[in-house]
Amino acid sequence: MEHLAAIDISYYKYRSSTMQLWIFLSCLGLSKNKNAQRGPIDGSLTERIIKTIVILIVILSSLHLKAQENQSKTLISNITIISANTDSIKTQVGYVSIKGEKIVSIGDKKPEGIGNYIELDGTGKYLIPGLIDSHVHLANTAGLNGPLKKKYPELVELYYNQLPKSYLYFGFTTLIDVNNYWPERINKILKVEIRPDIYTCGEQVTVMDDFNMEMEGYSQGQRYASNFLNDNYNANSILPDSIQASEHTPQKIVAKIREQQGICAKLVYEDEASGLAVSWEKPTASILRDLILEAQRFNMPLVLHAPSLEGHKIGLETGVQIFAHGMWNWSDDPNQFNNPDIGDEHKRVLLEIAEKQIPYQLTFRTITGEKDLVTMDFLEDKNLEHVFPKQMLDLLNTEEGQWGKRKIFGRTAFLEKTNPPFYKALKADFTDDQKMWEHVFKIYKHRLSTVARFLGENDANLILGTDSPAMNMYTNPPGYNGILEMRHWADTGIPLGKIFRAATFNNAQAFHLEHLYGCVEKGSIANLLILNSNPLKTVEAYNDIEKIILRGRVIDRKHFSAVKN
C-alpha cells in the first residue's frame with residue numbers, strides 16, 4: 001500500500017518513455033529477434049542507431065532534469081505562521097518557501113535568490129499545518145447501511161468519489177484508519193491523485209470470541225477462519241486440533257499488520273459497563289502485554305478501544321500507547337447510570353494517564369453522532385452540502401434514509417432481553433423511546449465533557465480522532481465531523497491551544513509521524529492550510545479555510561466542495 005500522496009509524475013513519464021524507446025530499438029534489431037540468424041547489422045546502420053540512442057537518452061535526461069527544476073515552487077509572504085512542537089506553540093509573521101512537496105525555508109525575511117517562485121501574499125492570514133484525524137474508518141459509508149449499498153450502488157460510488165475531497169475541504173490532509181478491514185476500497189482511494197495522505201493500523205486485532213465477533217454474529221467457523229490472536233492465557237480459549245496456535249501468535253499478527261503496511265495496531269476492550277451483559281471473551285492483560293511488546297519491536301503503537309474505567313485500568317496496567325475513546329462508561333451498576341458525579345477512582349486513573357502523557361482520543365462524535373440521529377435536526381446543517389452529493393442528501397431526508405434512528409430504537413428491545421436490570425433503570429422515568437434515548441445520550445455527553453475537562457485541566461496529551469463514520473452514521477460526515485469534534489472540545493472549555501496541538505503535532509507524534517507532519521518546519525511535508533481567522537482565537541477558524549496546500553500544491557478550498565463536484 002502506498003502511504004504518501006504525491007508522486008513525481010515527470011519521473012515516471014521519463015521512465016516510461018525510456019522503456020518505450022528500448023522496446024522500439026529492440027524492434028530495430030538491437031536485441032535478439034527473428035532476423036538475428038541472418039548475420040550482423042551493417043556497420044554504418046549500427047553506428048547511426050547508436051548515435052540516435054545517445055542523442056535520445058540525452059534529450060530524455062534533460063527533459064527529466066527540467067521537470068525536476070520546474071517542480072511547484074511557492075513563496076508565502078507576510079503570513080502569520082502558527083506551529084507547535086514538543087515544548088510550545090510558536091507564532092510568527094514571516095515567509096515560508098515550498099519546493100515540490102517539502103517546506104524548504106521559514107523566516108521573518110524574504111529569502112534571497114528565491115528565483116521563479118510563485119508568491120502568495122499572506123497578509124492578514126494564518127498558515128497552519130494540515131489537520132490530522134487519527135481515528136477514521138474509510139471503508140464505512142456515512143449514511144448507507146448494507147441494504148442501501150446494495151440497492152443504490154451508484155450512490156456508493158458518488159460517495160467515495162467525493163470522500164477524499166470532503167476531508168480536504170475541511171482541512172484534513174492526513175488520516176489514520178485504525179481498522180483497514182476492506183483494503184480494496186482503501187487501495188482504490190489511494191489511487192486518487194488529489195487526496196489526503198492515508199495510513200492504517202492494518203486489520204483490527206481480535207481475540208477468539210471477543211466483542212467484535214459477538215456483535216457481528218460470526219459463526220464458529222468464521223471465527224476460526226479469521227486472523228485472530230490466540231489468547232493462550234485465557235482458560236476459556238481452547239482451540240480445536242485443526243487450528244494451529246502457532247499461526248495466531250502476537251508475532252504472526254504483527255507480521256500480518258506489517259504486510260498490510262500498518263503503522264499501528266488496534267484492539268477492542270469492552271466490559272459490563274457498556275450496559276450489555278457480557279457474553280464475549282475479554283483480552284487478558286498478559287496477551288495485551290505480549291502484543292504490545294511485539295509491536296514495539298517495529299515502533300508500532302497499540303491503540304486500545306477502551307471507553308470504560310475497567311478498560312482504562314487494563315490499558316495503564318499493560319502499557320497501551322494510545323487510548324481510543326473517552327471514558328463514557330463509568331459503572332456496570334445500572335442504579336448508578338444517572339449519577340452525574342465522577343468517582344475518585346475514575347479521577348485517579350485519568351490523572352495517571354495525564355501524568356504519563358499517554359495520547360488520548362476523546363471522540364465525542366461517536367456518542368453525539370448517535371444523539372444527532374435521534375433528535376433529527378442534523379440534516380438542516382448547510383455544511384453537509386459540501387460533504388454529501390445531492391443525490392445522497394435527498395435519500396437521507398427520506399424515511400428510508402433514517403435507518404440509523406430505527407437501529408438505535410431497536411436497542412431498547414435488545415437491552416430488555418439481554419440485560420433487564422439495565423433496561424429497567426433506563427426506562428423507569430420514560431414512556432417512549434425517543435425521550436429515553438435523548439436522556440441516555442445527554443448522560444453520555446455529560447460524562448465525556450467531565451472527562452475532557454478533567455484531562456484538559458491536568459495537561460493531558462489529547463489527540464484529535466473522530467471515529468468517522470461510526471456505525472455508518474450520516475451524522476459522522478467525513479471531514480466536517482472533525483470540525484464538530486473540535487467544537488465539542490471548545491464548548492467543554494478545552495483551551496484553543498490544546499485543540500490546535502491535538503489536531504496537528506500531538507497526533508503526528510503519537511503515531512511517530514512528526515518528522516513528516518504536524519508542524520510548519522523546514523523539511524516537513526508541505527501539507528498546510530491558509531486560514532482567514534486565527535485558530536488560537538476561535539475554533540471556527542478551522543472552518544474558515546481559504547486554501548489547502550497538499551504536498552506543495554496550492555488549491556482553493558471551493559474545488560473540494562460536493563456542491564462544485
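For the single chain, residues carry numbers from 1 onward in sequence order. Note that this is a predicted model, so its numbers are computed, not measured.
- Contact annotation: the side chain of Phe211 never approaches that of Val278 to less than 4.5 Å [non-hydrogen atoms, C-beta and beyond].
- Here Gln296 pairs with Ile292, Leu293, Gln321 under the side chain to side chain contact (heavy atoms under 4.5 Å, CB included) rule; sequence neighbours left out.
- With rounding to the nearest 0.5 angstrom, the CD atom of Glu281 is 9.5 Å from the CD atom of Glu214.
- With Trp280 contributing its side chain and Glu270 its backbone, the two residues share a donor-acceptor pair below 3.5 Å.
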For this session: Would you please test Leu448 and Met327 for side-chain contact (heavy atoms from CB on, under 4.5 Å) and show each step?
Result: CA-CA 7 Å; Leu448 268 176; Met327 188 196 295; over 6 Å; no
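- Seen from the ring of Trp403, Arg406 does not count as a face-on cation partner, given the 6.0 Å and 45° thresholds.
- In this structure a side-chain-to-backbone donor-acceptor pair under 3.5 Å is present from Asn507 to Ala502.
- Salt bridge status for Glu438 with Lys435: absent, with no side-chain N to carboxylate O gap under 4.0 Å.
- With sequence neighbours excluded, the residues that form a salt bridge (Lys or Arg N to Asp or Glu O under 4.0 Å) with Arg487 are Glu540.
- Between Ile322 and Ile463, the closest side-chain pair of non-hydrogen atoms falls below 4.5 Å.
- For the residue pair Asp133/Thr466, the side-chain donor-acceptor check at 3.5 Å is satisfied.
- In the model, His305 has no side-chain atom that pairs as donor or acceptor with a side-chain atom of Gln204 under 3.5 Å.
- Within the structure, disulfide bond (SG atoms under 2.5 Å apart) pairs that include any residue of residues 308-342 do not occur (at least two apart or interchain).
- Salt bridge Glu247/Lys256: absent, no basic N to carboxylate O contact under 4.0 Å.
- Although no hydrogens or angles enter the test, the distance criterion places no donor-acceptor pair under 3.5 Å between the side chain of Asn230 and the main chain of Ala245.
- Under a 3.5 Å cut-off, the side chain of Thr363 and the backbone N or O of Thr366 do not form any donor-acceptor pair.
- Note: His312 and His346 fail the aromatic proximity criterion, with ring centroids not under 6.0 Å apart.
- Side-chain contact, Asp381 with Asn383: a donor N or O sits under 3.5 Å from an acceptor N or O.
- One side chain, Arg365 or Thr368, offers a donor N or O that lies under 3.5 Å from an acceptor on the other.
- A donor-acceptor contact closer than 3.5 angstrom is absent between the side chains of Tyr181 and Asn212.
- For the disulfide bond (SG atoms under 2.5 Å apart) condition, the pairs that include at least one residue of residues 233-271, sequence neighbours left out, are Cys201-Cys264.
- A salt bridge links Lys356 and Glu352; the closest N-O separation between the charged side-chain nitrogens and carboxylate oxygens is under 4.0 Å.
- A salt bridge does not link Glu310 to Lys313: none of the charged side-chain nitrogens sits closer than 4.0 Å to a carboxylate oxygen.
- For the residue pair Tyr160 and Thr141, a side-chain donor N or O sits within less than 3.5 Å of a side-chain acceptor on the partner.
- In this structure, Thr492 contributes its side chain and His488 its backbone to a donor-acceptor pair below 3.5 Å.
- Nearest heavy atoms, Gly497 versus Ile89: O-CD1, 3.4 Å.
- Residue pairs satisfying the ring-ring contact (aromatic ring centres under 6.0 Å, His included) criterion with at least one member in residues 243-277, sequence neighbours excluded, are listed as follows: Phe228-His248.
- Between Thr412 and Trp437, the side chains place a donor N or O and an acceptor N or O closer than 3.5 Å (distance only, hydrogens not considered).
- There is a side-chain donor-acceptor pair under 3.5 Å between Ser468 and Asn481.
- Here Tyr360 contributes atom OH and His325 contributes atom NE2; the two are 10.5 Å apart, rounded to the nearest 0.5 Å.
- Legend: salt bridge (charged side-chain N to carboxylate O under 4.0 Å, His left out) pairs involving residues 408-425, not counting sequence neighbours, sorted by first then second residue: Glu370-Arg411.
- Checked by atom type and distance alone, the side chain of Ser274 pairs as donor or acceptor with a backbone atom of Leu276 at under 3.5 Å.
- Shown here is Asp344, whose CG atom has no more than 12 heavy atoms of other residues, nucleotides or ligands within 6.0 Å.
- In this structure, Phe430 and His439 have tilted ring planes: the angle between them lies in the 30° to 60° band.
- When side chains are defined from C-beta on, Phe378 does not count as touching Leu373, because their heavy atoms never get closer than 4.5 Å.
- Although no hydrogens or angles enter the test, the distance criterion places no donor-acceptor pair under 3.5 Å between the side chain of Arg501 and the main chain of Leu496.
- Going from atom CD1 of Ile443 over to atom CZ of Arg447 covers 6.5 Å, rounded to the nearest 0.5 Å.
- Under a 3.5 Å cut-off, the side chain of Asn461 and the backbone N or O of Gln357 do form a donor-acceptor pair.
- Residue Ala265 comes nearest to Val205 through the heavy atom pair CB-CG2, 4.4 Å, listed as atom of the first residue, atom of the second, then distance.
- Between the side chains of Asp372 and Thr475, no donor N or O sits under 3.5 Å from an acceptor N or O.
- Side-chain atoms of His137 and Asn179 include no donor-acceptor pair closer than 3.5 Å.
- Listed for the His135 side chain is no donor-acceptor partner under 3.5 Å among the backbone atoms of Ile176.
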Exercise. Taking it one step at a time, do Phe454 and Ile342 satisfy side-chain contact (heavy atoms from CB on, under 4.5 Å)?
Worked result: CA-CA 10 Å; Phe454 183 87; Ile342 190 169; 5.6 Å; no
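- To the nearest 0.5 Å, the span separating CD on Gln336 from CG on Asp341 amounts to 9.5 Å.
- For Ser88 (side chain) and Lys90 (main-chain N/O), no donor-acceptor pair under 3.5 Å exists by modelled atom type.
- Side-chain contact of Gln402 with Tyr474: a donor-acceptor pair under 3.5 Å is present, judged by distance alone.
- Heavy-atom minimum distance, Cys519 versus Ala84: CB-O, 3.4 Å.
- A donor-acceptor contact closer than 3.5 angstrom links the side chains of Thr284 and Asp231.
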Problem set entry | Derivation of the side-chain contact (heavy atoms from CB on, under 4.5 Å) call for Asn527 and Tyr517 | CA-CA 7 Å; Asn527 284 354; Tyr517 311 105; 3.6 Å; yes
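- Ring geometry for Phe172 versus Tyr167: interplanar angle over 60°, hence perpendicular rather than tilted (30 to 60°).
- Here CG of Leu138 is found 5.0 Å from CD1 of Ile186. Values are rounded to the nearest 0.5 Å.
- The minimum heavy-atom distance linking Gly315 with Leu304 is given by the pair CA-CD2, 3.9 Å.
- For the pair Leu163 and Ile189, the minimum side-chain heavy-atom distance is below 4.5 Å.
- Taking the six-membered ring for Trp and the full ring otherwise, the centers of Phe337 and Tyr444 sit less than 6.0 Å from each other.
- No hydrogens or angles considered: nothing links the side chains of Asn180 and Gln260 as a donor-acceptor pair under 3.5 Å.
- A donor-acceptor contact under 3.5 angstrom links the side chains of Ser134 and Gln361, judged on distance only.
- In this structure, CG on Leu229 lies 8.5 Å from CG on Asp290, to the nearest 0.5 angstrom.
- Centroid-to-centroid, the aromatic rings of Phe414 and Tyr423 stay 6.0 Å apart or farther.
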